[in-house]
There are 2 protein chains.
Amino acid sequence: MTSTNSIKPVQPDISISVCGYSKVLEIISNKWTALVIYSLEDGAIRYGEMGRRIEGISKKMLTQTLRQLERDGLVQRDITPSIPPIVAYSLTPLGETLLQPMRELNQWTRDNYSLVEKARATYDQTYTQE
Amino acid sequence: MTSTNSIKPVQPDISISVCGYSKVLEIISNKWTALVIYSLEDGAIRYGEMGRRIEGISKKMLTQTLRQLERDGLVQRDITPSIPPIVAYSLTPLGETLLQPMRELNQWTRDNYSLVEKARATYDQTYTQE
DNA sequence: CAGGATCCCACAGGATACTG
DNA sequence: CAGTATCCTGTGGGATCCTG
C-alpha cells in the first residue's frame, strides 16, 4: 500500500525469525517431539510408559524432549513425590491447541505420502546412472 | 479389538517410520524448506529472486532444498534453455496440497507464539540460579 | 544466471554408566 | 522409577571457489 510500483521486492522479505511456518517447526521438528506429543494425545501418561511406547527413544532424549516442551509451555509435569516417585506428563491447554494443526499434518500424510514415495522412486530412477 | 484386557501396551506402538506426524515433518522440517515453500505460495518464481527474497540463504542450500522438494514431487523445475538460462520453480499440484496444513501452522503461530515466548521466559526465570 | 564441488565445523542426538 | 552426567560420532549446513 505504501509502495506505488509493482516491481517485486529486492530486499529479503522472508526470514526464519518472522515466517510463521518456520517458527512452529522450530518447536515441533526435533526428532522425537512429534512422537512425544502424539503419545500425549489421549491424556496423561507416565515417563516410563512413554519411553516404552515410543520405539527407539532413549531416556536422555525422552527427558530432553519433555524438558523442551515443558519450557515452551506445551507440556505439564506432575510429580507425586513418593519413593519411587511417580511422574506423569500431560499436554497443557496451550499444548492441546497444537493437536488440531498436527492432525491436519497427519491427515495430509495419509492422503499424500504414497505419492511422495512414488515421486522419489521416479526421481531416483531418472537420475541414477544408465 | 483383538485384545481382551485393558492393560496399556508394553510393546512400542509409536514409531518414526509410521507416525504421520513425523513423516511430514521429515519432509518439511529442514532449515530452509518451509521458507522455500512459502516463497512459492504466490506462483512460479525464478531461482535468483527466491535467493534474494529468503534472508540469509546461500546458493548451496537453496539448490539443495529445491532438489529435495523436487525429488519429493512437491516442486517443479521449469527451464528455458537460453543463455543465460532461465529457471523457474513452482509448486506441483501435490505441493499445493501442503499449503492448507502449512497455513494452519501459520495461524497457530499467530495465535499462540507469544504464549510460548512468555512460557519460556517464566521457565528460564524459574530455573536460573537464585 | 543458476548452479556444482570442496572443505570444514557445530551441534543434535546416540551409547553407556551412575543416582536420589 | 525417573532421571543425570559424560563421552563420542554423523551430518546438516556454512564459507569459499569454480563453471556452462
Side-chain angles (χ1 to χ4, degrees), chain A residues 8 10 12 14-17 22 25-36 39-40 44-72 75-90 123 127 129, chain B residues 8 10 12 15-17 19 22 25-36 39-40 44-72 75-90 123 127 129:
Chain A
K8 293 237 186 169
V10 181
I14 301 176
S15 93
I16 291 180
S17 54
S22 302
L25 290 177
E26 277 179 19
I27 295 178
I28 61 174
S29 72
N30 297 318
K31 180 165 184 182
W32 302 102
T33 304
L35 298 180
V36 165
S39 77
L40 290 167
I45 176 179
R46 295 184 61 179
Y47 178 88
E49 188 183 346
M50 200 185 296
R52 264 171 272 125
R53 288 193 59 192
I54 302 176
E55 187 180 348
I57 196 170
S58 67
K59 287 178 181 179
K60 174 191 164 185
M61 291 315 297
L62 180 55
T63 300
Q64 185 174 304
T65 304
L66 284 165
R67 287 290 173 282
Q68 259 158 222
L69 287 169
E70 205 192 337
R71 176 169 183 265
D72 290 341
V75 158
Q76 214 168 2
R77 186 163 175 264
D78 297 299
I79 323 163
T80 303
S82 52
I83 296 182
I86 298 176
V87 182
Y89 290 89
S90 56
Y123 184 96
Y127 295 101
Q129 76 296 356
Chain B
K8 294 239 189 166
V10 181
S15 93
I16 291 179
S17 53
C19 179
S22 303
L25 291 176
E26 278 179 21
I27 295 177
I28 61 175
S29 71
N30 298 318
K31 181 167 183 183
W32 302 102
T33 304
L35 298 180
V36 165
S39 78
L40 291 168
I45 177 180
R46 293 184 62 179
Y47 178 87
E49 189 184 345
M50 199 184 299
R52 265 170 271 124
R53 289 192 59 190
I54 302 177
E55 186 181 348
I57 197 170
S58 66
K59 287 178 182 180
K60 173 191 165 185
M61 290 315 297
L62 181 55
T63 300
Q64 185 173 306
T65 304
L66 285 165
R67 288 290 172 281
Q68 259 159 221
L69 288 169
E70 206 192 336
R71 175 170 184 264
D72 290 342
V75 159
Q76 213 166 3
R77 186 161 174 266
D78 297 300
I79 323 162
T80 303
S82 52
I83 297 182
I86 299 176
V87 182
Y89 290 89
S90 56
Y123 185 96
Y127 295 99
Q129 77 297 357

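We name chains A, B, ... by the order of the sequence lines, and we start the count at 1 in each one.
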Any chance the side chains of B:S17 and B:S15 put a donor and an acceptor closer than 3.5 Å?
yes
Using the side-chain contact (heavy atoms from CB on, under 4.5 Å) rule, take A:M61 and A:N30 through it: C-alpha gap first, then chi angles, then the decisive distance, then the call.
CA-CA 10 Å; A:M61 291 315 297; A:N30 297 318; over 6 Å; no
Of the nucleotides D:dG20, D:dG14, D:dA2, which one has an atom closest to the side chain of B:P85?
D:dG20
Rounded to the nearest angstrom, tell me the gap between atom NZ in A:K60 and atom P in D:dC7.
12 Å
When the distance from CD1 of A:I45 to P of D:dA2 is rounded to whole Å, what number comes out?
10 Å
Students should find that the nucleotides of DNA chain C closing off the region near chain A, any atom under 4.0 angstrom from a heavy atom, are C:dG13 to C:dG20
Could you tell me whether A:K31 contacts a base, only the sugar-phosphate backbone, or nothing, with contacts defined as non-hydrogen atoms closer than 4.0 Å?
sugar-phosphate
Between OH of A:Y89 and C1' of D:dA2 the distance, given in whole Å, is 8 Å
Contact nearer the 5' end of DNA chain C, comparing B:V87 with A:M61
B:V87
Could you walk me through whether B:L62 and B:V36 satisfy the side-chain contact (heavy atoms from CB on, under 4.5 Å) test, starting with their C-alpha distance in whole Å, then the side-chain angles of each, then the deciding distance to 0.1 Å, before giving a yes or no?
CA-CA 8 Å; B:L62 181 55; B:V36 165; 4.2 Å; yes
Quick check on D:dC1: is either OP1 or OP2 less than 4.0 Å from any side-chain nitrogen or oxygen of A:R46?
no
Find the bend of the helix from C:dC1-D:dG20 to C:dG20-D:dC1 as the angle between its two terminal axes (five pairs each), to the nearest 10°.
60°
Name all residues meeting the side chain to side chain contact (heavy atoms under 4.5 Å, CB included) criterion together with A:S39; count only those two or more places apart in sequence or in a different chain, and write none if there are none.
A:M50, A:I54, B:I14
With distance as the sole test, does A:Y123 use its side chain to make a donor-acceptor pair with the main-chain N or O of B:Q68 at under 3.5 Å?
no
Nearest heavy-atom neighbours spanning B:K59 and B:Y47
O-OH, 3.2 Å
B:I57 CD1 - D:dG14 P separation (whole Å):
8 Å
Would A:R46 and A:I86 count as a side-chain contact (heavy atoms from CB on, under 4.5 Å) here? Give the steps.
CA-CA 7 Å; A:R46 295 184 61 179; A:I86 298 176; 3.6 Å; yes
I'd like to know whether CD1 of B:I83 has more than 12 heavy-atom contacts from other residues, nucleotides or ligands below 6.0 angstrom.
no
Tell me the closest heavy-atom pair linking B:S90 and B:D78, and the distance in Å.
OG-OD2, 3.9 Å
Regarding A:S58, tell me which of base, sugar-phosphate or nothing describes its non-hydrogen contacts under 4.0 Å with the strands shown.
nothing
Rounded to whole angstrom units, what separation is found between the CD atom of A:Q64 and the P atom of D:dA5?
13 Å
Whole-Å gap separating P (D:dC17) and NZ (B:K59)
13 Å
What's the CZ-P distance between B:R67 and D:dG13, to the nearest Å?
17 Å
For D:dA2 and A:R77 - does any side-chain N or O of the residue sit under 4.0 Å from the phosphate oxygens OP1/OP2?
no
Atom CE of A:M50 and atom C1' of D:dG3: how far apart are they, to the nearest Å?
14 Å
